[in-house]
Amino acid sequence: MCGILAVLGCADEAKGSSKRSRVLELSRRLKHRGPDWSGLRQVGDCYLSHQRLAIIDPASGDQPLYNEDQSVVVAVNGEIYNHLDLRSRLAGAGHSFRTGSDCEVIAHLYEERGEEFVDMLDGVFSFVLLDTRHGDRAGSSFFMAARDAIGVTPLYIGWGVDGSVWISSEMKALHDECEHFEIFPPGHLYSSNTGGFSRWYNPPWYDDDDEAVVTPSVPYDPLALRKAFEKAVVKRLMTDVPFGVLLSGGLDSSLVAAVAVRHLAGTEAARRWGTKLHSFCVGLEGSPDLKAAREVAEYLGTLHHEFHFTVQDGIDAIEDVIYHTETYDVTTIRASTPMFLMSRKIKSLGVKMVISGEGSDELFGGYLYFHKAPNKEGLHRETCRKVKALHQYDCLRANKATSAWGLEARVPFLDKEFINAAMSIDPQWKMVRPDLRRIEKWVLRKAFDDEEQPFLPKYILYRQKEQFSDGVGYSWIDGLKTHAASNVTDKMLSNAKFIFPHNTPTTKEAYYYRMVFERFFPQKSAILTVPGGPSVACSTAKAIEWDTQWSGNLDPSGRAALGVHLAAYEHQHDPEHVPAAIATGSGKKPRTIRVAPPGVAIEG
């Protein structure tokens with residue numbers, strides 16, 4: 001993934017050199033996202049800057065990109081998987097191309113269709129486009145910006161006191177300059193013609209009114225679902241650089257790896273980099289994920305790399321993780337930290353792209369709290385809420401934790417076509433039915449339960465859901481809680497509602513993350529970009545109503561799903577209940593945790 005920063009319609013043109021220098025300075029804050037090259041185009045009072053991570057056409061695909069006469073300029077973060085088909089159609093209409101970049105088609109599609117082309121793009125993207133041929137009375141060029149359907153790529157928009165509009169991949173590049181900024185909503189475009197947003201992504205399952213959501217009724221077709229997912233994975237094998245898969249050993253990442261292994265041979269990626277797929281896993285020594293991933297890798301025959309971290313390694317990285325992910329959400333930070341550490345190791349091996357399994361739990365009701373869904377209508381509405389919120393949780397984590405080290409993560413479960421297939425299934429098939437031996441995500445498991453040509457061993461295919469922050473090792477979350485308790489006193493927490501009136505933290509862990517976040521991003525606008533509200537096992541606040549005992553056990557860990565998780569919490573965890581090897585020290589002094597020396601083991 002790349003990094004983009006656009007400053008549009010800014011004042012003081014007479015001081016253009018100083019403004020250009022400031023834009024360059026702010027753009028450098030995104031260099032971790034694109035360490036391969038930097039580009040900046042100025043047109044009057046508008047600036048488009050780009051930090052490039054070169055995945056497709058590394059030699060000539062530098063940005064910004066242009067149409068034939070350079071009157072249309074575009075800076076893009078993303079991947080357009082149908083770019084070859086679009087390129088062929090555009091060439092037939094008389095367009096010529098300067099590079100082999102998959103993103104160059106955007107400039108030419110705009111020439112053909114104006115603002116009405118975004119839905120033609122099959123991929124993930126955030127872009128800003130400048131048309132220097134058209135503008136307003138003040139002389140500013142026309143511009144438009146758009147973000148992909150679900151928000152796999154991050155994007156923020158802000159407004160300066162001088163009337164300027166700022167658009168950036170991360171808020172760290174604009175938060176010092178804008179009077180107000182916010183998340184650029186997924187599935188929308190912003191046009192300078194209207195000065196506002198319009199939705200370009202309008203699938204049947206989407207409705208702003210939760211109660212107005214129509215429950216789908218399409219019969220479950222396991223073969224159709226399987227083919228749709230295989231197609232989504234194959235698309236994401238498009239690469240000109242070394243790549244691999246993230247493999248936790250759970251259902252989702254294992255299916256990604258299994259499909260990639262089955263279809264890799266014969267692809268351009270295999271011709272360039274070989275047919276042996278690399279897989280990567282991270283965890284504490286002896287964690288559930290490490291063991292399961294090892295077994296899956298051996299079954300699939302991948303070249304497996306296993307990384308170990310300690311609780312102290314993770315705690316030492318927390319501040320960097322919060323700075324890069326730009327959130328204080330507890331479950332996101334818990335899960336981002338191991339991914340952040342693993343991404344650094346993966347990049348050091350020369351790999352620039354990985355395929356990952358985010359999005360499946362939201363589409364299929366895979367979180368353990370879905371066991372308590374009251375009916376199919378309630379389950380479907382909850383999956384809609386979860387998918388719409390992905391850009392603030394798992395998409396944010398997967399993108400920013402990897403991009404911190406110049407690594408791109410691709411997520412086939414969030415393929416636009418696959419989402420439509422998954423969300424159109426009659427949700428009665430997604431309901432957990434012990435009487436019929438249907439566990440969470442049964443429709444996905446059944447689709448890949450092939451007796452003749454098995455994708456995975458059955459004990460992996462039907463393994464219970466394990467959230468990433470739990471699967472890397474249960475002592476990870478326990479250690480975080482203990483560390484937070486050593487930095488946040490009871491008195492501090494009791495006054496939290498006065499210090500943090502918005503999204504008031506209710507635990508010492510949440511309070512600790514909030515303190516760190518506001519040190520980096522003190523603006524009110526920044527605080528408002530992070531979601532809040534109670535949650536159990538990653539549920540929305542609405543789903544807590546499904547079980548009365550959950551309201552007294554609020555924690556985003558899967559182990560908070562009392563009566564469901566095989567290792568569920570038996571009580572609220574606090575330092576008294578944390579394993580003795582972790583719960584050491586007390587008071588305000590920094591806690592010393594007895595852990596093994598840091599180390600990384602690479603197998604294969």
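Everything numeric here is computed off the predicted structure, so don't read it as measured data.
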Ion pair R519/E319, N-O distance below 4.0 Å: yes
Which heavy atom in Y47 sits nearest to a heavy atom in C10, and how many Å separate them? CE1-SG, 3.5 Å
Distance under 6.0 Å and angle within 45° of the ring axis: does R87 meet both against F97? yes
Residue pair V354 / R410, side-chain heavy-atom distance below 4.5 Å: no
Salt bridge check: are R397 and D329 linked by an N-O gap of less than 4.0 Å? no
Does the pair E417/K235 count as a salt bridge with the N-to-O cut at 4.0 Å? yes
Please evaluate residues H324 and E326 with respect to the criterion side chain to side chain donor-acceptor pair (under 3.5 Å), reporting the C-alpha separation (whole Å), side-chain torsions for both, the decisive distance (0.1 Å), and the verdict. CA-CA 6 Å; H324 280 287; E326 302 179 323; over 6 Å; no
Does E79 pair with R236 as a salt bridge, N-O distance under 4.0 Å? no
For the pair R344 and D320, evaluate salt bridge (Lys or Arg N to Asp or Glu O under 4.0 Å) and give the outcome as yes or no after the intermediate values. CA-CA 12 Å; R344 188 176 191 180; D320 285 339; over 6 Å; no
NZ or CZ of K172 within 45° of F520 ring axis and under 6.0 Å: no
Establish, yes or no, whether a centroid distance under 6.0 Å links the rings of Y328 and F517. yes
Taking the six-membered ring of F184 as reference, does the cationic atom of R147 (NZ for Lys, CZ for Arg) lie under 6.0 Å from its centre and within 45° of its axis? no
Give a yes/no verdict on a cation-pi contact between R199 and Y206, requiring under 6.0 Å between NZ or CZ and the six-membered ring centre and an angle within 45° of the axis. yes
Determine yes or no for a side-chain-to-main-chain donor-acceptor pair under 3.5 angstrom, with K352 supplying the side chain and A54 the backbone. yes
Starting from the C-alpha separation in whole Å, work towards a yes-or-no answer on side chain to side chain donor-acceptor pair (under 3.5 Å) for Y201 and D119. CA-CA 7 Å; Y201 179 58; D119 197 35; over 6 Å; no
Nearest 0.5 Å, what's the CG-OG distance between N399 and S126? 8.5 Å
Would you call K19 and D45 a salt bridge, taking side-chain N to carboxylate O under 4.0 Å as the test? no
In this structure, which one of L53, N77, V351 forms a side-chain contact (heavy atoms from CB on, under 4.5 Å) with E408? L53
Between N82 and D85 (side chain of the first, backbone of the second, donor and acceptor by atom type, cut-off under 3.5 Å), is there such a pair? no
Just verifying a value: how many Å separate R33 CZ and W405 CH2, rounded to the nearest 0.5 Å? 14.5 Å
If the threshold is 4.0 Å, N to carboxylate O, is there a salt bridge linking E230 and R226? no
What is the minimum heavy-atom distance between H32 and A404, and which atoms define it? CB-O, 3.4 Å
Determine, for E177 against R22, whether the closest basic-nitrogen to carboxylate-oxygen distance falls under 4.0 angstrom. yes
Electrostatic pair R113-E116, nearest N-O below 4.0 angstrom: no
Residues that S49 engages under side chain to side chain contact (heavy atoms under 4.5 Å, CB included), provided they are two or more places apart: L5, V23, S27, L40
